[in-house]
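Hydrogens, waters and symmetry mates are skipped; everything else that's a heavy atom, side chains included, is used.
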Amino acid sequence: MTTAARPTPAHMPRRRPAPAAAETPPLEARPAHRQPWERAILASSLPGTHRFVAIALSTHADGRGHFARQPRVIGLVHNTGLHAGQVRVALAALVDRQFLRRTPATGPIDNADLALTLPPGALARARRAHQAATNRSNADA
C-alpha cells in the first residue's frame, strides 16, 4: 500500500507580499468645551484622584474650555486639599492621556499653561456611558 506524498511548504503556490499599508498619522487631541470634557473625564478609567483634580481644574475654565487665569499647581492644591505631588502626578497623567495640552511641552508642569483637549474616542465613550446610565434609570422607573 502506497500513500500519496504529503504537500510541503515548497509545493505551495508563491504569494506576492501584500502592499505596505500607508502610514496613518496618529490622531491628535482636539480642543474641548467644558461640559463634554467633564463627561469624558467622569467616563474615563482614570483613578479617582486624577478625576478629582481634573474636575477641580475644569471649574477654572469657561464654557469653551479656555482658562482666563491659569490655575497653577498651588491653586489646585488649595482647591482639592491634595498634596502638590499628587496634583502634579494627576496633571501629568491627564497630559499623557491627552485630556490636557500643556505649553511649553517640556519643563516643570508647575508653570505650564494648560488647555482642555479631548483625546480621540473619549467623547464617544462618554456618550455610550451616559446612554447606558439613562437606559438603566428608565428601566428602573
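Nearest heavy atom pair, residue His60 against residue Asn79, reads NE2-ND2, 2.6 Å. Nearest heavy atoms, Ala112 versus Pro104: CB-O, 4.4 Å. Contact detail for Ala40 and Phe99: the closest heavy-atom pair is CB-CE2, 4.0 Å. Taking both residues in full, the closest heavy atoms of Ala56 and Thr80 are given as CB-CG2, 3.6 Å, listed atom of the first, atom of the second, then distance.
In this structure, CD on Glu38 lies 8.5 Å from CG on Leu116, to the nearest 0.5 angstrom. The CG atom of Leu94 lies 9.0 Å from the CG atom of Leu114; values are rounded to the nearest 0.5 Å. Atom CG in Leu57 sits 13.5 Å away from atom NE2 in His50 (nearest 0.5 Å).
A 4.5 Å side-chain heavy-atom check between Ile55 and Leu42 finds at least one atom pair inside the cut-off. Looking at Arg97 and Pro119, their side chains never come closer than 4.5 Å, going by heavy atoms from C-beta outward. Side-chain contact between Asp113 and Arg72: present, with at least one pair of heavy atoms (C-beta onward) separated by less than 4.5 Å. Considering only heavy atoms from C-beta on, Phe52 stays 4.5 Å or farther from Leu76 through its side chain. Put simply, the side chain of Val77 does not reach to within 4.5 Å of the side chain of Leu82, judged on heavy atoms.
A donor-acceptor pair under 3.5 Å is formed between the side chain of Arg51 and the backbone N or O of Leu46. Listed for the Trp37 side chain is no donor-acceptor partner under 3.5 Å among the backbone atoms of Leu118. Side chain of Thr117 to main chain of Gln98: a donor-acceptor pair is present (N/O by atom type, distance under 3.5 Å, no hydrogens or angles).
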Identify every side-chain donor-acceptor pair in residues 83-91 under 3.5 Å, counting partners at least two apart or on other chains, and give the distances.
from	atom 1	to	atom 2	distance (Å)
Gln86	OE1	His83	N	2.9
Arg88	NE	Asp110	OD1	2.7
Arg88	NE	Asp110	OD2	3.4
Arg88	NH2	Asp110	OD2	3.1

Contacts table for residues 61-68: side-chain donor-acceptor under 3.5 angstrom, sequence neighbours left out:
from	atom 1	to	atom 2	distance (Å)
Asp62	OD1	Arg64	N	3.1
Asp62	OD1	Gly65	N	3.1
Asp62	OD1	His66	N	2.8

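Other residues, nucleotides and ligands contribute only 12 or fewer heavy atoms inside 6.0 Å of the CD atom of Gln35.
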